[in-house]
There are 2 protein chains.
Amino acid sequence: MDAEASQTRGRPNLAAVAALAGVSASTASLAFSGAGPVSEATRAKVLAAAKKLDYAGPDPRAQSLRRGRSGVVGVVIEDRLRDAFRDPINVAMLDGIADALGAESLGLLLLTDTGEGGADISLAPMDGVILIGCSTELDRPVRAFRQRGIPIVAIEAEPMEGVLAIDLDNRDATAHGARHLQNLGHTAVGLVTLPLEGSRQRGELEPHRIAASRAHTTLERIRGARDVFPDASGVVAGGSSVEDGLVAGRDLLSRTPRPTAIIAQSDLLALGVIRAAEELGLSVPDDLSVLGFDGVRIEGAAPHELTTLVQPAVDKGRAAGGAVIALLNGDRPEPSRFTSQLRIGTTTAPAPSSAAPSSGSA
Amino acid sequence: MDAEASQTRGRPNLAAVAALAGVSASTASLAFSGAGPVSEATRAKVLAAAKKLDYAGPDPRAQSLRRGRSGVVGVVIEDRLRDAFRDPINVAMLDGIADALGAESLGLLLLTDTGEGGADISLAPMDGVILIGCSTELDRPVRAFRQRGIPIVAIEAEPMEGVLAIDLDNRDATAHGARHLQNLGHTAVGLVTLPLEGSRQRGELEPHRIAASRAHTTLERIRGARDVFPDASGVVAGGSSVEDGLVAGRDLLSRTPRPTAIIAQSDLLALGVIRAAEELGLSVPDDLSVLGFDGVRIEGAAPHELTTLVQPAVDKGRAAGGAVIALLNGDRPEPSRFTSQLRIGTTTAPAPSSAAPSSGSA
DNA sequence: GACAGAGGTCGAATCGATTCGATCGATTCG
DNA sequence: CGAATCGATCGAATCGATTCGACCTCTGTC
């Protein structure tokens, strides 16, 4: 009677299965989870009852509540997926994250930070969260996560209370790359930076914009460049894509005096700059040296081999995933910091002698 | 006393907030959800109590259980993220899905089908699921989802009971493209296909492999090609990347007689084939015509403009997302079918006259 | 033969919120 | 002035499982 009642009413639950198997709900639970001693005969009975009732196993939603864990880790990405995934560096990081999470069979919940637009992030059931490339101001969500007691890991974010940082030597690495250009004799160096604001507005790299910005990675890389070239000016790109680099490159290269080297904050931007140079009939690296950042393999870079700062993106992602897991286990993992390596390719060369201006108002 | 007790014991819950505000839990719930009439004064009291207790709002896990909805939709992707996201077509689809889901503020849970390896997919709390590019046999997960009453939408999968299909005219489109080659006078046409099995084994395109395969998209596109060139042979690539296309191209182009045209099942593969041709000193399209599939913008395709079959990837994704939403709303949406368009670029041209063999044993 | 211990099973409390129906007071209409 | 109505609030049941402690029944040992 009881069993039948539960049987007819919608989808079966553990109680219905237990009733049909002639055991208590607690025993049935044990039979499924495997935790605790259950005789083989009983387990078989329960499993048979489950099959008869077409029961798929304990409801994950109920488990989430009871265990206080949903088995899901959120990954917050700035802006639209379309834009984020266009840059292989993000894909690489995500892959590292997925790698670490998958090993603990944790799900990966993709959250896009739409700023004010959509509903609050953090309304989904998750056990931890990884902030990736979060240049925008997401203080509010972070506060919400903290209130919920949800561990937070941030990749390349400005230091925040209660947020475990996975960092990259953005400033030092860029400075290192800049010094390479300096050693080649370059003095007129232009910058093509990643966005400074969540609005991703492209335009001149101006002091007041820098002052107002909270885009950690962008800022650090600017600082690194200016550690070597204090007066370097430049432009802010509208994103990290070849297209954005092309636009920025056209802008910078049409100025007088024209820079002999450009430090781009991503490989995609660097590629765009190279295209802009080609458009203008400039030869890379003879007329223009170009330095990138990331060191990911990009289809279509040929015939150039980009001089760039290679960062361990997958490892970074894996570290972030591992850190969340550690936090969930109650450990107190140390923040980590990764280093990038300068890989010298074919896009940097000695500065052209000033005796040979290829064009301009002479 | 009661309030204080709840206060000290770990994280605050709705009951604690209600107690502090001097109202019942039900009223507090109403104050947060906005459903039902609550006086402004009461709402303010509750909110004040919440702030004092540092309460972040109702626990999503508990809401999931009670409402029977978690606000999360799973997206199952074949294989590793690294590989999947390398192909822009997947990113485009995902973007469309995210677009549709985001509008209803549904989360997007990324699940990779590791086959037998990891823990069961479907153990995460989700309301619906989208299968994307699921060439492998995931009958078992599908059955589990169905048992749970979770709506299933599949993009380009073989028809399955209880699974809503979002389809593409893979066969007709490929046939259309093949006819274009036929009209150009090509008769020796080679195929470079996507993987046939979950194992992604590359190799010769052999009848027994085709017979054993369940890779819907791959099979349909093969059929389309053979509708026009019944005897076309070819090779199976190990994935959808330029690298895989390069390998496949080298193989096909070193055969005798050498094909004068190659039908690749993705743009990335087509690009790889073009590279292989360049390696061998063949000119595209003069010596070899290449047809792609997808029509996504790929960096580095220059100087060629790929002749390809343009599919509405973002729309497909959006349709899939919309379908899940409709199913969740209890509607009975129709399966949809999208069509691709042949875009003629600069990689196809009339077959070289047989009087001018560029190399070979003459 | 009795007792300790282990294996197996069960009851009941709990996780944190939502929601339906009932209650109570105030306002308005006849 | 009484009754109907509406708004605000509360109680209690419910969602589906997990888990702790209690209980019972064997088995092995002294």
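Chain naming here is simple, since letters A, B, ... match the order of the sequence lines and numbering starts at 1 in each. Keep in mind that this is a model prediction, so the values were computed, not measured.
- The interatomic distance linking A:Arg69 (CZ) with C:dT14 (P) rounds to 22 Å, in whole Å.
- In this structure, the CZ atom of B:Arg66 is 16 Å from the P atom of D:dA12, given to the nearest Å.
- In this structure, B:Ser26 does not reach the C:dT18 phosphate: none of its side-chain N or O atoms is under 4.0 Å from OP1 or OP2.
- Heavy-atom nearest nucleotides on DNA chain D were determined for B:Gly22 and for B:Arg67, and the one closer to the 5' end corresponds to B:Gly22.
- In this structure, A:Glu40 atom CD and C:dG7 atom C1' are separated by 14 Å, rounded to whole Å.
- Between B:Ala62 and B:Val23, the residue anchored closer to the 5' end of DNA chain D is B:Val23, taking for each the nucleotide with the nearest heavy atom.
- Look at CG on A:Asp59: it is 13 Å from C1' on D:dT18, rounded to the nearest Å.
- The separation between B:Leu30 atom CG and C:dT18 atom P is 9 Å, rounded to whole Å.
- Ion pairing between a basic and an acidic side chain is recognised when a charged N comes within 4.0 Å of a carboxylate O; A:Glu197 and A:Arg214 show no such pairing.
- Contact annotation: A:Gln63 side-chain N/O to D:dG16 OP1/OP2 distance is not under 4.0 Å.
- B:Pro58 comes within 4.0 angstrom of sugar-phosphate atoms only, judged by non-hydrogen atoms across all strands, and of no base.
- Between the side chain of A:Asn329 and the main chain of A:Asp331, no donor-acceptor pair closer than 3.5 Å is present.
- For C:dC10, one of the phosphate oxygens OP1 or OP2 lies less than 4.0 angstrom from a side-chain nitrogen or oxygen of A:Ser24.
- Across all strands shown, the partner of C:dG30 is D:dC1, judged by Watson-Crick or G-U wobble contacts whose two distances both fall under 3.5 Å.
- Look at B:Ser29 and you'll find a side-chain N or O under 4.0 angstrom from OP1 or OP2 of C:dT18.
- Within the 4.0 angstrom heavy-atom criterion, only backbone atoms of the sugar-phosphate kind lie near A:Thr42; the bases stay farther away.
- Going from atom CZ of A:Arg43 over to atom P of C:dG7 covers 15 Å, rounded to whole Å.
- Whole-Å rounding puts the B:Leu14 CG to D:dC10 C1' distance at 13 Å.
- Residue A:Ser39 places at least one side-chain N or O closer than 4.0 Å to OP1 or OP2 of C:dT9.
- With both pairing distances under 3.5 Å, C:dA22 is matched to D:dT9 as a Watson-Crick or G-U wobble pair.
- Contact between the side-chain N/O atoms of A:Tyr55 and the OP1/OP2 oxygens of D:dA17 is found at a separation under 4.0 Å.
- Here the side chain of B:Asp127 pairs a donor or acceptor atom with the backbone of B:Gly71 at under 3.5 angstrom.
- A distance-only check finds no donor-acceptor pair linking the side chain of B:Asp54 to the backbone of A:Gln147 [under 3.5 Å].
- When side chains are defined from C-beta on, B:Ser64 counts as touching A:Pro125, because their heavy atoms get closer than 4.5 Å.
- B:Leu108 places a side-chain heavy atom less than 4.5 Å from the side chain of B:Ile97.
- Here D:dG28 sits opposite C:dC3 as a Watson-Crick or G-U wobble pair (both hydrogen-bonding atom distances under 3.5 Å).
- Look at CG on B:Asn13: it is 12 Å from P on C:dT18, rounded to the nearest Å.
- Under the 3.5 Å distance criterion, the side-chain polar atoms of B:Asp95 are matched with a main-chain donor or acceptor of A:Arg82.
- A salt bridge links B:Glu156 with B:Lys316: the closest approach of a Lys/Arg side-chain nitrogen to an acidic carboxylate oxygen falls below 4.0 angstrom.
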Atom pairs under 3.5 Å: protein N/O with N/O of nucleotides 21-27 of chain D:
none

